[in-house]
Amino acid sequence: MPFIFLSTMINSGSLLSSQQSELIIRPEQASSLPVEAATITSMGTQRILSGMRPTGKLHLGHYTGALESWVEQQNLLDEKGTRAYDTCFLIADYHNLTTSLDTSEIYSHTLDMLIDWLAAGIDPEKSPLFRQSQVKEHAELFLLFSMLITSSRLERNPTLKEQVRDLNMESLTYGHLGYPVLQSADILLYRANVVPVGEDQLPHVEITREIARKFNNHYPHPVNGEVFAEPAPKITKFSRLVGLDGKAKMSKSLGNTILLADGADEIQKKMRNAVTDTQKLRKNDPGRPEVCTVYSYHSKFSSPEQLSALGSDCRAGTLGCVDCKKLCARNISHELAPLLERRRYYETRMDLVKNILFDGEIKAKLIASQTMQEVRAAMKLGELAPIHYHGQTEC
Ligand code: TRP
């Protein structure tokens, strides 16, 4: 039976068009918003926010490194049976511009990525899903934050240095240097307390904390003392999955991935070329699981009993790589089968997928505009227009 997010389907029938959504999030209307939107801003619950740049279809590394834990945190209940966290997930499409000015595929990549999120079990009823580019407050807060950090601090960012080296970049744009500043705006706009990220993103969360501190010091909140809480990073256990070629990271640009959209046959085929222990040349040579790519996948996708049997049989030279790979491919396909089924469901309902985004963006805009009002108030940047002001002035 195909997997269906029933609540999403019911709700999507009444979703507003993007134009209407612009109307709904005007700050002065916030108090009359539907309960559904209001609950997103519920106080007290810890908020988790994470995001990805839209790079199209996702691979197994995204699943083990991020999606799996996002879904777990989204569905986690506390002892009272209510959700332990508010969760929001952001599509960082502006961030794509830091490394490529070609925007022709950003939207199709966004939709492909969104389908993978949904297929992995992200429930848009629980977690608003939205594009950075559609919530103008990201750009606004980015501008203000860019005054709170020095360019030399940003030049020291190790993730940036790595990227410049890997991509052989000769020069750097102002926007690329500001990558972590935009990310800080992404996180603090929603006042996230916890940010699940891969290890390479830790420097960015650190910069976010510094910016939050600097803002709070300069601009105390008129009532609460502080506008921003300092968010904590959360690293996932399998944050990096080795590529099929044995390289340290599964990555689309290296062509060493298993995609979440790959079927069983495709996975078997790709697995055949996976690198194993290069010293194990024949079936009966003893192998070293600790250096084997396929064994590292088994440690994630196979049962503990299978894993210990595989380890000892490989070491003893009684298990060949061909059989070991077949089992590994089967176990991965087994885990991905429900995702594939959900992917098929969404792929044939693109209007629903697009509505999920618009819906998430309505919710995101509401939170973002509230934060910006507090930011402006703390910065004493003037007063808001009176609620019933309609723009009639006498000349
Ligand atoms: N920089 C992140 C990455 O490349 C993506 C991202 C953008 C992000 N904004 C974010 C992650 C906010 C967490 C929170 O993986």
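If you're wondering where the values come from, they're calculated on a predicted model, not measured in any experiment. All ligand and atom numbering here is 1-based and tracks the order in the structure.
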Tell me whether the rings of H138 and Y190 are parallel (<30°), tilted (30 to 60°) or perpendicular (>60°).
tilted
Angle class for the W117/F89 ring planes (parallel below 30°, perpendicular above 60°, tilted otherwise)?
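Correct class here is perpendicular.
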Ligand-side contact atoms (ligand 1) for residue partner [X], heavy atom cut-off under 4.0 Å:
| X | value |
| --- | --- |
| R53 | 4 (O) |
| H95 | 7 (C), 9 (N) |
| A92 | 7 (C) |
| V195 | 13 (C), 14 (C) |
| L49 | 12 (C), 14 (C) |

With backbone taken as N, CA, C and O and side chain as the heavy atoms from C-beta onward, which portion of [X] lies under 4.0 Å from ligand 1: side chain, backbone, both, or neither?
| X | value |
| --- | --- |
| D200 | neither |
| Q132 | neither |
| L182 | neither |

For [atom], what's the nearest protein heavy-atom neighbour? Residue, atom name and distance, please.
| atom | result |
| --- | --- |
| atom 2 (C) of ligand 1 | Q201 OE1, 3.3 Å |
| atom 10 (C) of ligand 1 | Q183 CG, 3.5 Å |
| atom 13 (C) of ligand 1 | G51 N, 3.5 Å |
| atom 4 (O) of ligand 1 | Y179 OH, 3.1 Å |

Polar atom proximity, H204 to ligand 1 (N or O, under 3.5 Å):
no
Pairs of nitrogen or oxygen atoms closer than 3.5 Å, one from S50 and one from ligand 1: do any exist?
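Checking ligand 1 against S50, no N or O pair falls under 3.5 Å apart.
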Go through the structure and list residues passing side-chain contact (heavy atoms from CB on, under 4.5 Å) with S302, not counting sequence neighbours.
H298, Q306, N331
Electrostatic pair R53-D93, nearest N-O below 4.0 angstrom:
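Salt bridge: no.
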Is a salt bridge present between E206 and R153, judged by a nitrogen-to-oxygen distance below 4.0 Å?
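No, this pair does not count.
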Between [X] and [Y], a side-chain donor and acceptor under 3.5 Å:
| X | Y | result |
| --- | --- | --- |
| E335 | Y63 | yes |
| N75 | K126 | yes |
| D102 | S100 | no |

Quick one: which of D186, L189, I187 has a heavy atom closest to atom 9 (N) of ligand 1?
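Minimum heavy-atom distance to atom 9 (N) of ligand 1 goes to D186.
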Report, as yes or no, whether the 6.0 Å neighbourhood of atom NZ on K234 holds more than 12 heavy atoms from other residues, nucleotides or ligands.
no
Among R343, R342, K57, whose salt bridge (charged side-chain N to carboxylate O under 4.0 Å, His left out) with D116 holds?
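Answer to the salt bridge (charged side-chain N to carboxylate O under 4.0 Å, His left out) test with D116 among R343, R342, K57: R343.
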